[in-house]
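Encoded as structure tokens, the structure appears first; notes follow it.
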2 protein chains.
Amino acid sequence: MTVTTRRTQDQRSAKTRRLLLDATIQSLMEVGYANTSTAGIAKRAGVSRGAQTHHYPGKMDLIVAATEEMFANFATGLETLAGELRAGRLSYDAFFDAIWDGVLNGDWFYSSLEIIVAARGDDELRRQLAPLILDLHERFETTWSRTFVAVDPAVVSSRVALNLAMNVFRGMAVQAVLRRDEAYFLEMLAALKAVIAVHVRPAENG
Amino acid sequence: MTVTTRRTQDQRSAKTRRLLLDATIQSLMEVGYANTSTAGIAKRAGVSRGAQTHHYPGKMDLIVAATEEMFANFATGLETLAGELRAGRLSYDAFFDAIWDGVLNGDWFYSSLEIIVAARGDDELRRQLAPLILDLHERFETTWSRTFVAVDPAVVSSRVALNLAMNVFRGMAVQAVLRRDEAYFLEMLAALKAVIAVHVRPAENG
DNA sequence: ATATACAAACAGGTCGGTTTGTTTTTATGA
DNA sequence: TCATAAAAACAAACCGACCTGTTTGTATAT
């Protein structure tokens with residue numbers, strides 16, 4: 001007879017689900033998709049394999065649910081950061097520094113990279129993830145349009161300029177897997193700021 | 001008794017090795033690293049599993065060798081393209097179009113992406129691939145410096161500007177896995193050309 | 001009591017590596 | 001030059017480990 005605090009079913013479910021999703025993201029981050037197994041996730045989460053299959057019957061259910069949470073967190077985080085910029089509490093430079101730091105050192109980018117690459121060879125997974133990405137990009141673009149104004153919208157809109165910047169970050173993060181070269185990335189980051197600054201400036205008090 | 005043309009051992013080896021490496025790249029491209037197995041590679045190559053283990057004892061030997069070939073091919077391909085630009089047989093716009101087309105539709109980018117992501121969770125693989133990437137980047141930078149001149153080298157050098165462009169391509173290609181949106185990428189490509197053109201111009205007759 | 005949450009063992013399949021055996025080419029020496 | 005030993009290339013079966021999904025059973029909450 002074990003001593004357990006009495007919890008409602010919803011509380012038990014929510015707790016177990018959170019443990020499983022956190023463990024999934026952590027596993028993707030640490031060992032990659034290829035080495036992420038449902039058994040490993042359950043072990044990390046500290047729940048039994050039966051509990052895992054009960055809440056998420058298949059591996060894909062885990063992945064998709066974890067992705068959903070991950071994307072939502074990142075979108076709100078980015079919007080918060082952009083809000084700081086609009087409020088004048090964050091400089092243009094610091095804004096880019098913060099995004100780059102999040103991409104390189106946060107859980108978000110590499111976990112999603114693992115999932116995206118896995119989806120390339122898995123039709124069903126791709127089908128399930130595509131709408132999540134579309135939604136994420138839409139939220140990004142809303143943030144960009146709200147936070148920056150273009151110098152000459154006919155040439156490069158703020159939306160396009162910031163999408164370019166995000167793609168640079170993506171590309172740099174991929175590079176960083178095999179080339180951890182601080183000086184190189186600082187150089188690129190400075191250049192990126194300069195290049196983007198030609199076409200766009202922060203919209204104060206958006 | 002089968003009728004076989006007599007071949008030297010070196011010829012037999014070379015043929016089998018080529019078949020295996022081509023099959024490896026093809027498999028990475030089509031089904032991804034996670035679904036790429038040594039048995040599958042041997043089957044694609046049309047050689048026995050014994051032949052495969054003879055020439056490449058482990059899975060990593062196959063991957064590393066295939067990567068080496070892939071990188072070499074891409075570097076020379078890019079240098080050829082840059083040569084066309086320097087010779088005036090290719091416009092600035094067409095040069096970028098060609099690179100983007102190669103990244104999105106060629107075997108190169110996605111195969112290497114699979115390998116890079118796999119290396120993130122595999123210390124030994126990462127250790128073996130890191131020098132290959134370093135070498136590739138060096139060849140890139142040599143090409144950039146030879147092919148473009150900076151408008152204001154103190155702000156953004158040609159080397160940095162083109163590295164930025166390559167990172168944009170990387171990022172866009174990752175996006176394209178889940179978002180195959182022709183119009184979006186055309187828009188981004190046009191903006192990239194415009195943004196880079198501010199800082200750099202082709203060095204005619206390099 | 002009954003549905004939900006959790007636990008643990010099982011089954012079919014695949015993968016990577018190893019081992020054992022066969023064929024083809026090359027080197028050797030009378 | 002030609003028989004033959006040695007080496008390289010190739011073939012196929014096997015093995016232990018792991019993974020996903022399933023099933024059967026138990027505890028907890030409603």
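Throughout, a chain's letter reflects where its sequence line sits, starting with A, and its residues are numbered from 1. FYI, side chains are in, hydrogens and waters are out, and symmetry mates aren't considered; it's all heavy atoms of this structure.
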Grab the [atom1]-[atom2] distance between [X] and [N] for me, whole Å please.
X: A/His54; N: D/dA29; atom1: NE2; atom2: P; answer: 14 Å
X: B/Lys15; N: D/dC10; atom1: NZ; atom2: C1'; answer: 15 Å
X: B/Arg18; N: D/dC10; atom1: CZ; atom2: P; answer: 15 Å
X: B/Tyr56; N: D/dA9; atom1: OH; atom2: C1'; answer: 14 Å
X: A/Lys43; N: C/dC6; atom1: NZ; atom2: P; answer: 20 Å
X: B/Asp122; N: C/dC15; atom1: CG; atom2: P; answer: 18 Å
X: B/Leu19; N: D/dA9; atom1: CG; atom2: P; answer: 14 Å
X: B/His55; N: C/dG17; atom1: NE2; atom2: C1'; answer: 17 Å

Taking ring-ring contact (aromatic ring centres under 6.0 Å, His included) as the cut-off, I'd like each qualifying pair that reaches into residues 109-133 of chain A, sequence neighbours left out, listed once.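 Not a single pair qualifies under ring-ring contact (aromatic ring centres under 6.0 Å, His included).
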
How would you list all residue pairs meeting ring-ring contact (aromatic ring centres under 6.0 Å, His included) that involve residues 42-63 of chain B, not counting sequence neighbours?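 Passing the test, one end in residues 42-63 of chain B: no pairs.
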
With a 4.0 Å limit, can you tell me whether A/Thr16 has a side-chain N or O closer than that to the phosphate oxygens OP1/OP2 of C/dA5?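 For C/dA5, OP1/OP2 do not have a side-chain N/O of A/Thr16 under 4.0 Å.
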
Point-to-point distance, once rounded to the nearest 0.5 Å, from CD1 of B/Ile41 to CG of B/Leu62: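 Separation between the atoms: 5.0 Å.
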
Heavy atoms only: give me the nearest A/Ser145-A/Ser158 pair and the separation to one decimal.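 Closest pair (atom of A/Ser145, atom of A/Ser158, distance): CA-OG, 3.9 Å.
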
Taking all atoms of both residues into account, what is the closest heavy-atom pair of A/Ala203 and A/Val149, and its distance?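 Here A/Ala203 and A/Val149 meet closest at CB-CG1, 3.8 Å.
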
Under a 4.0 Å heavy-atom criterion, the protein footprint on nucleotides 18-24 of chain D, written with B, S and -, is -SBBB--

Any side-chain donor-acceptor pair under 3.5 Å between A/Gln26 and A/Asp107?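 Looking only at side-chain atoms, A/Asp107 and A/Gln26 do not form any donor-acceptor pair under 3.5 Å.
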
Do B/Thr147 and B/Arg86 have side-chain N/O donor and acceptor atoms under 3.5 Å apart?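 Indeed, the side chains of B/Thr147 and B/Arg86 share at least one donor-acceptor pair under 3.5 Å.
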
Net bend of the helix from C/dA1-D/dT30 to C/dA30-D/dT1, end axes of five pairs each, nearest 10 degrees: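 Helix axis angle between the two ends: 0°.
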
For residues 20-28 of chain A, which residues have at least one heavy atom under 4.0 Å from DNA chain C?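 Contacts with DNA chain C under 4.0 Å: none.
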
Quick one: ring pair (Phe, Tyr, Trp, His ring centres under 6.0 Å) partners of [X], sequence neighbours excluded?
X: A/Phe169; value: A/Trp100
X: A/Tyr184; value: none
X: A/Phe148; value: A/Phe95

Under 3.5 Å between N/O atoms: give me all the protein pairs with nucleotides 20-22 of chain C, atom names plus distance.
none

Let me check something: any side-chain donor-acceptor pairs from residues 132-140 of chain A under 3.5 Å, sequence neighbours excluded? List them with distances.
{"unit_1": "A/His137", "atom_1": "ND1", "unit_2": "B/Gln175", "atom_2": "NE2", "d": "3.3"}
{"unit_1": "A/His137", "atom_1": "ND1", "unit_2": "B/Arg179", "atom_2": "NH1", "d": "3.1"}
{"unit_1": "A/His137", "atom_1": "NE2", "unit_2": "B/Gln175", "atom_2": "NE2", "d": "3.1"}

Salt-bridge criterion met for B/Glu187 and A/Arg159 (N-O under 4.0 Å):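 Answer for the salt bridge query: yes.
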
Tell me, please, which residues at least two apart from A/Arg120 pass salt bridge (Lys or Arg N to Asp or Glu O under 4.0 Å).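 With sequence neighbours excluded, A/Arg120 shows a salt bridge (Lys or Arg N to Asp or Glu O under 4.0 Å) to B/Glu114, given in chain and number order.
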
What pairs meet the side chain to side chain donor-acceptor pair (under 3.5 Å) rule with one or both residues in residues 31-53 of chain B, with sequence neighbours excluded?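 Found B/Ser27-B/Thr36, B/Glu30-B/Arg44, B/Thr38-B/Arg49, B/Arg49-B/Gln52.
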
